[in-house]
*Asks:* 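The following block contains the structure, expressed as structure tokens.
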There are 2 protein chains.
Amino acid sequence: MTADITWRAKGEAKRLAILNAIPEKWRIQTPIPPPAEQVDVTGVYIQQFLNKREIEITESDAVDIVAKTTSGLWTAVEVTEAFCHRASLAHQLVNCLHEIFFDAAIEDAKKLDAYFAEYKKPVGPLHGLPVSLKDQFHVKGVETTMGYVGWIDTFEGQKDDPRRGVEESELVRELRDLGAVLYCKTSVPATLMCGETVNNIIEYTWNPKNRHLSSGGSSGGEGALIALRGSPGGFGTDIGGSIRVPAAFNNLYGIRPSSGRLPYQGAANSMEGQNTIISVVGPLASTARSLTLLFQSVLGQQPWLHDPLALELPWRDSMVQETLSLIEESKKGSSKLSFAIMTFDGAGRIHPPIARGLNIVKQTLKRLGHDIIDWNPPSHATALTLAAKAYAMDGGNDAKHQFGLSGEIKPPQVIVGGPSSGPEMLSSQIAALNVSKREYQKEYMDYWNSTAALTGTGRPVDGVICPNAPFAAVKPAEYNYIGYSAFVNVLDYPSITIPVTFANKTVDSLPSDVSMDEAEPYIEWDYDADTYHGAPVGVQLIGRRLQEEKVLTLAEYIGEEVARHDA
Amino acid sequence: MTADITWRAKGEAKRLAILNAIPEKWRIQTPIPPPAEQVDVTGVYIQQFLNKREIEITESDAVDIVAKTTSGLWTAVEVTEAFCHRASLAHQLVNCLHEIFFDAAIEDAKKLDAYFAEYKKPVGPLHGLPVSLKDQFHVKGVETTMGYVGWIDTFEGQKDDPRRGVEESELVRELRDLGAVLYCKTSVPATLMCGETVNNIIEYTWNPKNRHLSSGGSSGGEGALIALRGSPGGFGTDIGGSIRVPAAFNNLYGIRPSSGRLPYQGAANSMEGQNTIISVVGPLASTARSLTLLFQSVLGQQPWLHDPLALELPWRDSMVQETLSLIEESKKGSSKLSFAIMTFDGAGRIHPPIARGLNIVKQTLKRLGHDIIDWNPPSHATALTLAAKAYAMDGGNDAKHQFGLSGEIKPPQVIVGGPSSGPEMLSSQIAALNVSKREYQKEYMDYWNSTAALTGTGRPVDGVICPNAPFAAVKPAEYNYIGYSAFVNVLDYPSITIPVTFANKTVDSLPSDVSMDEAEPYIEWDYDADTYHGAPVGVQLIGRRLQEEKVLTLAEYIGEEVARHDA
């Protein structure tokens, strides 16, 4: 065999092994119609393969599930089996899983049920809740490929590493202590540096709402799986938008916390040791309150005692209560919140569905009596330049090394490791980059402070609302602008994606009154109303650094009000 | 003039300008006796130049001073003048100042008094408190040389920088808001990378308790000034021991907080943008409660809204109360605290006075009924290797550049920028270093957790006590081991120096029962009881990352009990 055949064959073998890990009883027997015939496989489409009880369980959110599993109303086994079944279907429909370990999950669920039967109490706040994991987290007995063919049958590419098959990431250990059930790991683009999810194992993870489009990346498997309710919530990572973008593309909530809140310890990663822009862990789910449940539960495990990069910042209920008070006062008319809305960052022209989504949020906030200001921040082009330098710091060497392990080709969408990679940076260049980044953060922080003079509240804005990406999902290989997500990573602010609406070809046409100059970027982004029809539209709500409790509370409120507006 | 004469002349001119900034009335008229005649210039020696009222004011600690200045018992002007006078004397005795701006200080003090007279309340919790600053902080109208001849008449070495003379560091802004009076900046070794304080401007900062020895570094000017009570408290920085070592060498308390607690924004620094081991800001003072006052007051300014690297971690009184409860319970015998004591790190053999100091602390804690365990942590040699790599990351280029501005020679003690500097590191080497550092931090954290099984409290140890340096102060040019301080910077743990005792030639001889093998390192460190006689002995108390409130509370308790034991 040539090297080419070898890596293709290895990827193919792994792809088949994933499919074969799906129990026979859960395989879809009839051919799956092509996207042109069945563009949307969520909701009623996937329900046809499930019984009523399974639908009831899997369409409950994480909060409702734990209410039942921690009180004994539902068993961990029945909940786990329902999600294993639905995750099996999801993978067959859109290629969203890298690892399937249902047998171990059901064994774990049995132990949880036995515990509950004996002690009449749950193991922890996530007792019996299935939780999916992006394929960076190590689970004992399970492989981690992170989308690299060269990582098959190894530990992070190393054949004889003693951690292979036995290592567990810190988050995994904490989730087990909380009573969660681990059952699958979700697809990622090789290198993680991509707004789509594509690799030489599972190939491409499609968007369940519109199978012509991408599920986003790099936590695209999470996004697709949760969109199909094959998981009530899972954990992704975000270095440039990799939680928020798949959340937005899949009608979900997803939070990128500030670095240091959730434990990354013991997870695989790209460009390990690059610490200018640090990748962070965060949950994705169908409701904001599910994110809060997952986030708060993990903090209850005191990750700062087990992860040297985690901060001793327990869940601050005081911050939640302060935020709720502001909301309550606004309902009485005695006070209000204030938000900035940014519809254009000066470089990335947004598609009509995103513009409409932002307007829905704006009108909702106005209806509620809140204050809206424009956002005229320090140059976002500067932020993007800083991010691009950080991502390219190693000259693509990590990506090249990992692809080189098998000789596999780099998917063209992946933004690092290509032939045009520069040389790796020198200490002096990295130091200069770190200084520039800090100066940018300072400038942005001062700008945020300065809005106290512009709002009607006397405070700086409570949050900033803007796109996650210029498009509602994306056509394969057309993810060509990451400015809307990556600036948040440069700033290290918490940001949460709020689902708003869906692209609609009858209303989301290019505005007729746009001049050719203004219209041109739309053409560049290749918008067409038919292709994007049905794609989810989300926005991000950005808060001040380390104020995760505030953005989670605001997101739940705004998301509910938007849904009411839309209804 | 040759280049050599030029930089020597410039340094000399600046040295004279500093002396000339001392008002005539405060100059010491009689020749200062050489160290051989007057080894100790603290206490009664310096008091001869002061009146009773000045002595009363300057020998009060920061807490007692603000009690009087915030209640109108003492005016800001009389307090400021007393400290300006005493700081003038201190500088003449040991060369501890880089900048003197008494006129501006007295003007500021007058404004504070006028405010108090008008509003019958203080400007803030530090109303009227003189605070000294290491010569990295920018104060408007005042130069910052950081010990470089090439920075004279520039802003951080740049001649035409518009920030020259007008910039203020964030900490300075906050101190002004708190009501503090700024009046002088203290000496540092050029590059800051040195355990002594030596540069081509003020030359050498001597130890006030023993003028044959060093005041430590790099915050050596702070240490010497506060030891002479020329300041009630000031701020230094620490990347490898630079707060704790001068505190220990000068019979003071000094805290190195975890990174992100106090604002570094807008201060000059070495190797800007090196973010593997981050230099931190912290206070030094004669009492632990003064450190708490300064630390807590700055946090009250919410530095996280103005410094992008500061963490939103307000002062946590709950952590203080928990710690006080443990102490109170231990007094009742219903509970106890537990500490580890490390007397040898496996590489740096300590001098007899340090061994005795550690034993005093051990006996004190035993007398109080607390639990003591040995400390057998992951290799400290590894920590030192990691630190050394971080400090040398830029190949000494920053130091070489700064020295090169004037052509001045590098003081031989400075550990960076010498001819043996390696090349600057590559991105891949820095990334590998960051990973190694994180792994070391993880190993250390796990070890700390594991002590829960060894203590009698069921908790891991409440603190670790160890030397700051192998010696009580140091002979010039003999600071040859930084392992005891630098490992804390690798870990990013809070650590506070507690003053314990003084080297005493009658008791601190080399143990007679030591074998030649064991004795050999003492010889290497060149201990002799006569030379070190009178030098202060401090220990450091190390806590878990970001638990500054706990170490401050414990240090106050332990320091008081040690003083009682010693008395």
Side-chain angles (χ1 to χ4, degrees), chain A residues 170 258 260 264-266 269 271-276 278 302 304-313 316 319 390 392-395 397-398 401 423-446 448-449 460 490-493 544-547, chain B residues 170 258 260 264-266 269 271-276 278 302 304-313 316 319 390 392-395 397-398 401 423-446 448-449 460 490-493 544-547:
Chain A
E170 172 60 18
S258 300
Y264 217 112
Q265 173 66 39
N269 200 356
M271 293 187 284
E272 269 268 269
Q274 181 278 101
N275 70 351
T276 295
I278 300 178
Q302 302 186 289
W304 50 87
L305 296 179
H306 305 281
D307 178 346
L309 302 187
L311 300 171
E312 185 171 340
L313 265 180
R316 291 162 300 181
M319 195 180 281
M393 185 180 286
D394 78 338
N397 286 341
D398 175 51
H401 170 75
E424 63 173 314
M425 284 168 72
L426 289 166
S427 174
S428 51
Q429 295 169 307
I430 293 171
L433 176 61
N434 290 336
V435 171
S436 297
K437 181 195 160 207
R438 192 189 68 214
E439 288 172 349
Y440 184 77
Q441 288 175 302
K442 170 64 173 161
E443 204 185 339
Y444 214 97
M445 153 184 273
D446 288 345
W448 194 304
N449 291 336
V490 174
L491 296 169
D492 195 25
Y493 291 173
R544 304 201 77 161
R545 184 162 173 243
L546 294 169
Q547 296 197 345
Chain B
E170 173 59 19
S258 301
Y264 217 111
Q265 173 67 39
N269 200 356
M271 292 186 285
E272 270 268 90
Q274 180 277 103
N275 70 351
T276 294
I278 300 177
Q302 302 186 288
W304 51 87
L305 296 179
H306 306 281
D307 179 345
L309 302 187
L311 300 170
E312 184 171 341
L313 266 179
R316 291 161 298 181
M319 196 180 281
M393 185 179 286
D394 78 338
N397 287 340
D398 174 52
H401 170 76
E424 64 173 312
M425 284 168 72
L426 290 165
S427 174
S428 51
Q429 295 169 308
I430 294 171
L433 176 61
N434 290 336
V435 171
S436 298
K437 180 193 161 208
R438 191 189 69 215
E439 288 172 350
Y440 183 78
Q441 289 175 303
K442 170 64 173 161
E443 204 185 339
Y444 215 98
M445 153 185 271
D446 287 345
W448 194 305
N449 290 337
V490 174
L491 296 169
D492 195 23
Y493 291 173
R544 304 201 77 161
R545 184 162 173 243
L546 295 170
Q547 296 197 344

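Below, chain A is the first sequence line, B the second, and so on; all start at residue 1. No experiment lies behind these values; they were computed from the predicted model shown.
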*Asks:* Against chain B, work out which of A:V435, A:I430, A:L426 has the most heavy-atom pairs shorter than 4.5 Å and name it.
*Replies:*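 Counting heavy-atom pairs under 4.5 Å, the top option is A:L426.
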*Asks:* Looking only at non-hydrogen atoms, find the nearest pair between B:A431 and A:Q274 and report the distance.
*Replies:*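 Distance-wise, the nearest heavy atoms are CB-N, 4.3 Å.
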*Asks:* With sequence neighbours left out, write down each residue that passes ring pair (Phe, Tyr, Trp, His ring centres under 6.0 Å) with B:Y493, or none if nothing qualifies.
*Replies:*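 Partners of B:Y493 by the ring pair (Phe, Tyr, Trp, His ring centres under 6.0 Å) criterion, ordered by chain and then number, come out as B:W448.
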*Asks:* Please rank B:M425, B:E424, B:Q547 by heavy-atom pairs under 4.5 Å with chain A and give me the top one.
*Replies:*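 Looking at each option in turn, the highest pair count goes to B:E424.
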*Asks:* If you compare all heavy atoms of A:T276 against all heavy atoms of B:N275, which two are closest, and at what distance to 0.1 Å?
*Replies:*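 Looks like CA-ND2, 4.5 Å.
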*Asks:* Mind listing the closest non-hydrogen atom pair of A:K442 and B:H306 along with its distance?
*Replies:* NZ-O, 2.7 Å
*Asks:* Atom CD of B:E312 and atom OG of A:S258: how far apart are they, to the nearest 0.5 Å?
*Replies:*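 The OG atom of A:S258 is 9.5 Å from CD of B:E312, to the nearest 0.5 Å.
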*Asks:* Assess whether a salt bridge exists between B:E272 and A:R438, defined as any Lys/Arg side-chain N lying under 4.0 Å from an Asp/Glu carboxylate O.
*Replies:* yes
*Asks:* Pick one of side chain, backbone, both or neither for B:L313, based on which atoms fall under 4.5 Å of a heavy atom in chain A.
*Replies:*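 Side chain only.
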*Asks:* Please rank A:R545, A:R544, A:M393 by heavy-atom pairs under 4.5 Å with chain B and give me the top one.
*Replies:*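 Heavy-atom pair counts peak at A:R545.
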*Asks:* Would you mind telling me which of A:D446, A:L546, A:L309, A:D398 has the largest number of heavy-atom pairs within less than 4.5 Å of chain B?
*Replies:*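 Highest number of pairs under 4.5 Å: A:L309.
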*Asks:* Relative to chain B, which segment of A:D492 carries a heavy atom at a distance below 4.5 Å: side chain, backbone, both, or neither?
*Replies:* neither
*Asks:* Between A:L311 and chain B, which part of the residue has a heavy atom less than 4.5 Å away: side chain, backbone, both or neither?
*Replies:*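 For A:L311, backbone and side chain are both near chain B.
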*Asks:* Top residue by heavy-atom pair count (under 4.5 Å) with chain B, among A:E439, A:M445, A:Q441, A:Q429?
*Replies:*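 That would be A:M445.
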*Asks:* Of all the heavy-atom pairs spanning B:G273 and A:N434, show the shortest one and how long it is.
*Replies:* O-ND2, 2.7 Å
*Asks:* Of the backbone (N, CA, C, O) and the side chain (C-beta and beyond), which part of A:N397 lies under 4.5 Å from a heavy atom of chain B, both, or neither?
*Replies:* neither
